[in-house]
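Proteins get letters first, then strands, A, B, ... in listed order; numbering begins at 1 in each. Not measured: the values here are computed from a predicted model.
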Amino acid sequence: MPWFLLVPRPNHKQQTKAPLMPQVRVRFAPSPTGFFHIGSARTALFNWLYARHTGGVFILRVEDTDQARNSEEFLNLIYNSLRWLGLNWDEGPQAGGDFGPYLQSERASVYAEFLGRLKASGRTYEKDGALFFRISGEPQVIEDAIRGRVERTEEKDFVIVRSDGKPVFHFVNVVDDISMRVSHVIRGEDHLSNTSKHTELFKALGAPIPVYAHIPLILKQNGPGKMSKRDQGALVEEYQKRGFLPEALVNFLCLLGWSPKDDREKLPLEEVVRLFDLPGVNQSNARFDEKKLAHMNMVYLHEMAPERCLVLARDFLLGRSYFAGGMPAEAYLRDVIALCQPKVRAIEDLPGFIGYFFGEDFATDPKAREKVFAKGDPKARLGELLAALALADFSSDAALETLVKALAEEHGAATGDYIHPARLAVSGTAVGPSFYGLLRVLGRDRVIRRIGRFLATA
RNA sequence: GCCCUCAUCGUCUAGCGGCUAGGACGGGGCCCUCUCAAGGCCCAAACAGGGGUUCAAUUCCCCUUGAGGGCGCCA
């Protein structure tokens, strides 16, 4: 019996769908040596999508063998980012599984065992204190699920154990894929040329070669080359901090290298899971476009239930110490956010948009003021409005609209003659949400006080 | 330098021998309008070049060019 069949089989989660087909097992294998970036997120996403599409298992394996560059902080960042994006893993750190441990730093005994097998095969030799693998020199052919047939011949022997005793990436990566029974290796195209090393190792270890699927890379939006951690807009963490909606980012990422083949772009994740397949993945690299991401984010924001928007907005504002001067009443905050949700393009635009709702010390925009006073008699109009507002019904936008229209008609003015000065008086700016909603949410007392103050000082 | 991959509007993409080459972002214009957004309508914008194959090439093959990646005792 081949030795790899001795590796324990999963005792549950196994027979979910097609009992005759081996279960799909894919893995995302990041190394905690830097920030978690968009490219990594997309690789994780495609693995996750394929697992969910096939009813397979999504494994998280942490490649933390590079001691010098590892950090606990980066490790947590990986967990947090994956969770934020909703890419839950079935096996891995914090999830368990029958093929652990899932941190490479804890798998020394596994590597020692496999190294023994490789040594026994006579394919290794020592040189300069390091252990080298003797390649076969035969052409290595893979049938890539995305690119089709790819052939490459490895040219020289390579190190599998450093002189300090630590096994290198190519070796541990293959060993882990074997021992974790990974069926499909979905990874970035930057690994395509390395695949010949890996298939050499699989063969030398007598293990079946997984299906490979090399996905295109994400190129930086400006300048040459692939996106890296240092590029503008590259960090998942940054989008999280900026209040982007994870479902929007995920949707955007789905479309970077894959499409549903019709003209739809905003798709529920379940629909992507249903349609996603490896042959449908593009073969060419894609340039990252933050404008398109921003648009997707806006679409999701505007369609989001107000209750959820309130939660996200509150968390975001709290995170920025926005209410240092005191937390507003829950109902008032809800009204403000509900009023402004359709007016902003992103959660992060909120702070600059809602300031006057939470304090009296807002500045008056000189340009807006100039425009208001450019024609007509805004002070007279404000005086008329002030008088009418004292007895007005502030419970609905419609009631306020009716009142202003009646006022305009009575004085032979346009509604704009009231609206523009009043907006400036109560908010200090010409930009804002629906005027009637603005009055309604601010409430009679604030509105009257602010208009009065404006008339006194203007 | 050697090896691998890729090639449709500025960008993301649809197309899998015969299409006015479609959609989206971004850009421009118009409309709507209480501002700003949003929304609606319209416009500009692409098959890298050259050879083949074929009655017919964006589509298949080859070359060139361009883009990206790999060639570490990094992952």
Side-chain angles (χ1 to χ4, degrees), chain A residues 29-34 63-66 68-70 104 127-132 140 144 146-148 150-156 158-170 172-173 187-197 214 216-222 224-226 252 255-266 282-296 298-299 301-302 340-345 349 353 365 368 371-372 401 404-405 408 414-424 427 429-439:
Chain A
S31 54
T33 56
E63 309 214 330
D64 56 348
T65 56
D66 186 359
R69 296 198 294 156
N70 279 329
Q104 285 186 337
K127 190 176 125 189
D128 299 330
L131 195 68
F132 280 71
Q140 301 297 306
D144 193 283
I146 294 171
R147 286 152 206 288
V150 179
E151 177 181 326
R152 192 182 120 83
T153 305
E154 196 57 32
E155 286 164 344
K156 51 182 201 248
F158 55 92
V159 173
I160 53 173
V161 181
R162 291 186 271 260
S163 53
D164 67 0
K166 291 283 190 326
V168 304
F169 163 76
H170 299 300
V172 297
N173 188 267
R187 48 154 53 155
E189 199 231 52
D190 49 346
H191 285 296
L192 188 54
S193 292
N194 287 329
T195 306
S196 47
K197 285 188 180 71
H214 287 93
L217 300 180
I218 298 177
L219 272 26
K220 62 179 76 181
Q221 38 189 353
N222 305 307
K226 63 173 174 175
F252 171 79
L255 264 23
L256 221 48
W258 177 87
S259 87
K261 306 302 179 195
D262 51 33
D263 288 337
R264 287 178 298 169
E265 294 211 324
K266 182 176 182 289
N282 286 156
Q283 302 178 18
S284 49
N285 296 341
R287 206 167 284 277
F288 185 76
D289 181 1
E290 63 181 350
K291 289 240 179 68
K292 188 143 186 173
L293 204 206
H295 178 263
M296 186 66 79
M298 181 204 73
V299 172
L301 177 64
H302 289 175
C340 297
Q341 180 185 352
K343 298 294 294 184
V344 293
R345 289 175 54 88
D349 293 343
F353 197 80
D365 177 21
K371 198 171 177 188
V372 160
E401 183 169 359
V404 171
K405 282 185 170 165
T415 53
D417 296 336
Y418 294 93
I419 289 173
H420 299 305
R423 179 188 292 284
L424 182 68
S427 72
T429 172
V431 177
S434 147
F435 176 69
Y436 305 111
L438 175 63
L439 296 190

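- A search for ring-ring contact (aromatic ring centres under 6.0 Å, His included) contacts involving A:Y436 returns nothing, not counting sequence neighbours.
- A close approach under 4.0 Å does occur between a side-chain nitrogen or oxygen of A:R162 and OP1 or OP2 of B:rC74.
- In this structure, CG of A:L424 is placed 18 Å from P of B:rC34, rounded to the nearest angstrom.
- Between A:N173 and A:E63, the shortest heavy-atom distance links the atoms ND2-OE2, 3.1 Å.
- Judged by distance alone, the side chain of A:N282 and the main-chain N or O of A:S284 form no donor-acceptor pair under 3.5 Å.
- For the pair A:H170 and A:G416, both in contact range of RNA chain B, the more 5′-proximal nearest nucleotide belongs to A:G416.
- Using C1' as the reference atom, B:rG22 and B:rG70 are 37 Å apart when rounded to the nearest Å.
- Contact annotation for A:M296: no contact, since no heavy-atom pair falls under 4.0 Å across all strands.
- Counting non-hydrogen atoms under 4.0 angstrom, A:H214 reaches nothing in the nucleic acid.
- Nucleic acid contact for A:S434: base, since at least one base atom lies under 4.0 Å from a heavy atom of the residue.
- Following rounding to the nearest Å, A:N194 (CG) and B:rG69 (C1') show an atom-to-atom distance of 10 Å.
- Residues A:L219 and A:P224 form no side-chain contact, since every pair of their non-hydrogen atoms from C-beta on lies 4.5 Å or further apart.
- Residue-level contact check: A:R287 touches the backbone only, with heavy atoms under 4.0 Å from sugar-phosphate atoms and none from bases.
- The existence of a salt bridge linking A:K166 and A:D164 is excluded, since no basic side-chain nitrogen approaches an acidic carboxylate oxygen closer than 4.0 Å.
- Looking at the side chain of A:K156, the nearest of the listed nucleotides B:rC71, B:rG26, B:rC34 is B:rC71.
- Residue A:G129 is out of contact with every strand shown, counting any heavy-atom pair closer than 4.0 Å.
- In this structure, A:N282 reaches the B:rA14 phosphate: one of its side-chain N or O atoms is under 4.0 Å from OP1 or OP2.
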Any N/O pairs under 3.5 Å between the protein and nucleotides 4-7 of chain B? List them or say none.
| residue | atom | partner | partner atom | Å |
| --- | --- | --- | --- | --- |
| B:rU5 | O2' | A:R147 | NH1 | 2.5 |
| B:rU5 | O2' | A:E189 | OE2 | 2.9 |
| B:rC6 | OP1 | A:Q283 | OE1 | 3.1 |

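- Contact annotation for A:G225: backbone-only contact, meaning every heavy-atom pair under 4.0 Å involves sugar-phosphate atoms and none involves a base.
- Comparing atom distances between the A:Y436 side chain and each of B:rC34, B:rG72, B:rA75 picks out B:rC34 as nearest.
- Distance A:E401 CD to B:rU33 P: 12 Å, rounded to the nearest Å.
- Across B:rA48 and B:rC6, the matching C1' atoms stand 13 Å from one another, rounded to whole Å.
- The same atom, P, is picked in B:rG15 and in B:rC73; the two are 42 Å apart, to the nearest Å.
- Residues satisfying the ring-ring contact (aromatic ring centres under 6.0 Å, His included) criterion with A:Y418, sequence neighbours excluded, are absent altogether.
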> In B/S/- notation, 5' to 3', how is nucleotides 41-47 of chain B contacted by protein heavy atoms closer than 4.0 Å?
Replying inline: -------
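- The partner of B:rA24, taking Watson-Crick or G-U wobble pairs whose two distances both stay under 3.5 Å, is B:rU11.
- B:rC41 and B:rA24: their P atoms are spaced 9 Å apart (whole Å).
- A distance-only check finds no donor-acceptor pair linking the side chain of A:H170 to the backbone of A:T195 [under 3.5 Å].
- With a cut-off of 3.5 Å on both pairing distances, the Watson-Crick or G-U wobble partner of B:rC41 is B:rG29.
- Nucleotides B:rC74 and B:rG17 have their C1' atoms positioned 47 Å apart, rounded to a whole Å.
- Listed candidates were B:rC34, B:rG68, B:rA75. Nearest to the side chain of A:L219 is B:rG68.
- Of the C1' atoms belonging to B:rU33 and B:rC16, the separation is 46 Å, rounded to the nearest Å.
- Taking atom P on both B:rU5 and B:rC63, the two are 12 Å apart, rounded to the nearest angstrom.
- Going from atom CZ of A:R423 over to atom C1' of B:rU35 covers 5 Å, rounded to whole Å.
- Note: CG (A:D289) to P (B:rC25) measures 11 Å, nearest angstrom.
- Nucleotides of RNA chain B nearest to A:L256 and A:V161 differ in position, and the one nearer the 5' end is that of A:L256.
- Residues satisfying the side chain to side chain donor-acceptor pair (under 3.5 Å) test with A:D144, not counting sequence neighbours, are A:H214.
- Comparing B:rG49 with B:rU59, their P atoms are spaced 10 Å from each other, to the whole Å.
- Contacts of A:F252 classified as ring-ring contact (aromatic ring centres under 6.0 Å, His included), with partners at least two apart in sequence or in another chain: A:F288.
- A:Q283 is linked by a side chain to side chain donor-acceptor pair (under 3.5 Å) to nothing, counting only residues two or more places apart in sequence or in another chain.
- Take A:D128 and apply the salt bridge (charged side-chain N to carboxylate O under 4.0 Å, His left out) test, not counting sequence neighbours, and it matches no residue.
- With a cut-off of 3.5 Å on both Watson-Crick or G-U wobble distances, the partner of B:rU58 is given as none.
- Contact of A:S163 with B:rC73 (side chain to base): a donor-acceptor pair of N or O atoms is detected under 3.5 Å.
- Each of B:rC34, B:rA37, B:rC73 was ranked by its minimum atom distance to the side chain of A:R345; first place goes to B:rA37.
- For A:K405, the side chain to side chain donor-acceptor pair (under 3.5 Å) test picks out A:E401, with sequence neighbours left out.
- Remark: C1' of B:rU11 and CD of A:Q221 are 10 Å apart, rounded to the nearest angstrom.
- Applying the salt bridge (charged side-chain N to carboxylate O under 4.0 Å, His left out) test to every pair with at least one member in residues 187-197 of chain A, sequence neighbours left out, gives these pairs: A:R147-A:E189, A:E154-A:K197, A:D190-A:K226.
- Residues A:N285 and A:L217 come closest through the heavy atom pair OD1-N, 2.9 Å.
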Polar atom pairs (N or O), protein with nucleotides 16-24 of chain B, under 3.5 Å:
| residue | atom | partner | partner atom | Å |
| --- | --- | --- | --- | --- |
| B:rG23 | O4' | A:D263 | OD2 | 3.3 |
| B:rG23 | N2 | A:E265 | OE2 | 3.1 |
| B:rA24 | O2' | A:E265 | OE1 | 2.6 |
| B:rA24 | N3 | A:K292 | NZ | 2.9 |

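- Taking atom CD of A:Q140 as the reference point, atom C1' of B:rG70 lies 16 Å away to the nearest angstrom.
- Ranking B:rC71, B:rA75, B:rG70 by closeness to the A:K226 side chain, first place goes to B:rG70.
- When rounded to the nearest whole Å, the span between CZ of A:R187 and P of B:rG70 equals 13 Å.
- With sequence neighbours left out, the side chain to side chain donor-acceptor pair (under 3.5 Å) criterion links A:K371 to no other residue.
- A:P433 comes within 4.0 angstrom of a base, heavy atoms only.
- Counting any heavy atom pair closer than 4.0 Å across all strands shown, A:A286 reaches sugar-phosphate atoms only and no base atom.
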